[in-house]
Engineer: 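Take a look at this one; I'll ask things after.
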There are 2 protein chains.
Amino acid sequence: MSFERAGNAHSSSDQTTVRRANLGVVLQQIAGGEPRSRARVASDTGLTRGTVSSLVGELIELDLLRETGEDQRSGRAGRPGLALELSDRVVAVGLEVNVDYLAVCVEDLAGNVRYQKHVHTDNRRSAPGPVLNRLARLARGAEELIAAESLVSAGIAVALPGLVAAESGTLLRAPNLGWSDIAVADEISSRLGGVPVRVDNEANLAALAEHWQGVARGLDNFICVFAEVGVGAGIFIGGDLFRGSHGFGAELGHITVAPGGLPCQCGAVGCLETIVGQEAIARRAGICEDDKRRARNVTRELVRRAEQGDAAVIASLAEASRALGIGLASAVNLFDVDAVVLGGCLGPLAPWLVADVREALGVRVLSAGWSGCEVLVSEFGEGAAVRGAAALTLRSVLAEPWLVAERSVAVREGVS
Amino acid sequence: MSFERAGNAHSSSDQTTVRRANLGVVLQQIAGGEPRSRARVASDTGLTRGTVSSLVGELIELDLLRETGEDQRSGRAGRPGLALELSDRVVAVGLEVNVDYLAVCVEDLAGNVRYQKHVHTDNRRSAPGPVLNRLARLARGAEELIAAESLVSAGIAVALPGLVAAESGTLLRAPNLGWSDIAVADEISSRLGGVPVRVDNEANLAALAEHWQGVARGLDNFICVFAEVGVGAGIFIGGDLFRGSHGFGAELGHITVAPGGLPCQCGAVGCLETIVGQEAIARRAGICEDDKRRARNVTRELVRRAEQGDAAVIASLAEASRALGIGLASAVNLFDVDAVVLGGCLGPLAPWLVADVREALGVRVLSAGWSGCEVLVSEFGEGAAVRGAAALTLRSVLAEPWLVAERSVAVREGVS
DNA sequence: GGGTTTTGTATGGTCGTTGCACAAACTAAA
DNA sequence: TTTAGTTTGTGCAACGACCATACAAAACCC
């Protein structure tokens, strides 16, 4: 099937390639900071004012940019420029299935959340069908808003807590939901009348959210640990999500930190997840199943007890922070990232974790002397993954603006 | 200093961008397989025959391609095509400084080694100056050959055993040589009359060699463990070397595999390098300094004793293979690569390592059920890093062919 | 109000690819 | 041997996209 042996035999270029690349450059230039005039964009990108004019014209026609009054420059000579801003008409829909809630959000290109809804339901005991029905109902709520405000949807993406095959849109295995081999993309798509749907792992999308509108804004290389019941991670390399050969990368939860430790669900022994996950921390702290069920939210219960000085919880958190430090140090030794973001349940628990993790990175990372690796704490609560799902689409609009033309044509045809 | 917030604000394109990209596409197409006619290249790349003709013309003028007689096709109708092949006139020079040897090689675009020389010297006790003098002498030998056969040198690169800042061409720290902060690129360049010189880490370059002409040919994602005295790795992602934010990535030797283990030179505890390096294996096998000095080549001595059934050596190797398995499983969980290559001293020792490593990857890698990760053994002996140094230049010629014009102009001006 | 500066647009020029046409070179069959 | 059919490589007009330049518009400053 493949005639090319050499790894990166990129496909051939064309003048449309140039146009497309430059559309993306101009749009991203404007997305990345304050509103700017055409002239400013030209001098920042190296393109001519004339070319920028033409590109901007096309982007305005695509509803991606808009002219907003004049440039606010005080007292400089010369004709004032017309400020260009991202349009607020193009939006993306993010969905999320998690163990104990469903979520939806609508976000525009500028990162404003236009609609958001979380529904707490225990999906652990549900079959996939009904859960996806509920999720589709949430999505229809978003679509109604989009129609009512006459916005343009650039796409829908779903965050899932498990191993995902992104190309086929399948959830391969979600141990904490008890699901396996569910074609989530197709299921949701057919429930919404055939619109295209993408899916991805929740940890990947959480990382995307941190880069898009969270604490990792501007960082091109970082690792976002995302712990809930299990422990996953999203890894950003060179400003893009790193997925590995088959999309199964970043399984931080299953690197070995205690060779002689406890057995893990995955079949191995001493995985990080056996010490750092929400369940693991609670179990080691001696919180029994009854307490957990009564508390409804395990993380909040852990925080409450830790704040009260519960020795068992604090000891369990100390153990977790040590394991996390070892695991992250290994990851940083391999990836040489600028920062580590603690997300998911690790956000609220960060006060008891950050110091140990910082110390471990200082001691165990070989290049610590040359390049410090920051430890950041996510500011999204449970919302990281949905926001990331929306961001998945929005980022691709910024990178490949010309696709929205085809997309909206497709939708228009699909609707009519 | 940086006005761009969005990560990948690529620079703007131009029709010369198109030309350059297509020059690369055509050249790589021909590099990746059998000789082909222009028409074949056209249909494989999607370009027009006319365009390919023009591109090939330019590549022939640059001495990168040549027409070799006719296409060997038996019995097909139509005018036969003229087969195009990589020229054998453009070569690159690879150099290597290691703990106990210096090396040089000259390799052409097709991967043929045109010149090669290894000199065994103990550089541990030498100051950098004299060692670099000797290395420069070796390089001049290569340059004489190039002049004698009227070849064209596309560049010189040096493999170094330590932390390298590739942009500045500096060896930051090489614990096993006892060097630090040596501007190797400048030093070598000035000794050779000012030609540009690049430097990189030996493990990175070994990985490059495996991808270029070794066992990892055709694999876009793999990890190459490269152990000599220390343990390093080169990581290929998406067909390219992964370097991390600052070029300090892939420090596999310093991920933690034994939290309560021995202290490492780096200041941490339980690093992989304390169990898997050549010295570590020998020490744990009870081979004393005298024996090592007498043997001259520690690895060969280990192999000899293991073959004779020396229990201490075999036990030490078993311990090493277990640690290596844990470390690699963690790395594969993070990177989701297609293969792991054992290189450096691990090549000869592979018979005692491979089984354990395979088993560990099977058990400890979460996605092992979906995507197997092969364990391959390097077939380069000590030559991997020098070959990789040459490959560094040759790969960049294939990817950016137009640069050879500028380069050879520069050299011509520098010489005359 | 005139001079200066900056912005945004319009126009010709250049570059590189496409699509088409055509001669060259070979096979296969009459 | 001749003829038809097929494939290759090149030449040429056309198109698309960017660049350089010129120019009108809209500010500021004196």
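Within every chain, numbering begins at 1; the chains are lettered A, B, ... in the order of the sequence lines, protein sequences first and strands thereafter.
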Engineer: Please tell me which of T51(B) and R49(A) maps to the more 5' nucleotide of DNA chain C, matching each residue to the nucleotide holding its nearest heavy atom.
Structural biologist: R49(A)

Engineer: When the nearest nucleotide of DNA chain D is assigned to S54(B) and to L47(A) on a heavy-atom basis, which residue is associated with the more 5' position?
Structural biologist: S54(B)

Engineer: Indicate, yes or no, whether a donor-acceptor pair under 3.5 Å links the base of dG16(C) to the side chain of Q15(B).
Structural biologist: no

Engineer: Does the distance from a Lys or Arg side-chain N to an Asp or Glu carboxylate O, for R395(A) and D240(A), drop under 4.0 Å?
Structural biologist: yes

Engineer: Below 4.0 angstrom from OP1 or OP2 of dT17(C), is there any side-chain N or O of R19(B)?
Structural biologist: yes

Engineer: Assess whether one donor atom and one acceptor atom, taken from the side chain of R79(A) and the base of dT7(C), lie less than 3.5 Å apart.
Structural biologist: yes

Engineer: Rounded to whole Å, please give me the gap between CG in L55(B) and P in dG9(D).
Structural biologist: 14 Å

Engineer: Under 4.0 Å from OP1 or OP2 of dT17(C): is there any side-chain N or O of T48(B) that close?
Structural biologist: no

Engineer: Please answer whether the main-chain N or O of P196(A) pairs with a side-chain N or O of R198(A) as donor and acceptor at a distance below 3.5 Å.
Structural biologist: no

Engineer: Is E67(A) close to L84(A) at the side-chain level, that is, under 4.5 Å between some pair of heavy atoms?
Structural biologist: yes

Engineer: Do R38(A) and dG8(C) share a donor-acceptor pair, side chain to base, under 3.5 Å?
Structural biologist: no

Engineer: Nearest-Å distance, CG (D14(B)) to P (dT17(C))?
Structural biologist: 12 Å

Engineer: Got V26(A) and I30(A) here, is their nearest side-chain heavy-atom distance under 4.5 Å?
Structural biologist: yes

Engineer: Any side-chain N or O of N22(B) below 4.0 angstrom from OP1/OP2 of dG16(C)?
Structural biologist: no

Engineer: Let me know the distance between CD of E67(A) and P of dA26(D), rounded to the nearest Å.
Structural biologist: 14 Å

Engineer: Compare the minimum distances between each of dG8(C), dC28(D), dG9(D) and the side chain of L82(B), then state the nucleotide with the smallest one.
Structural biologist: dG9(D)

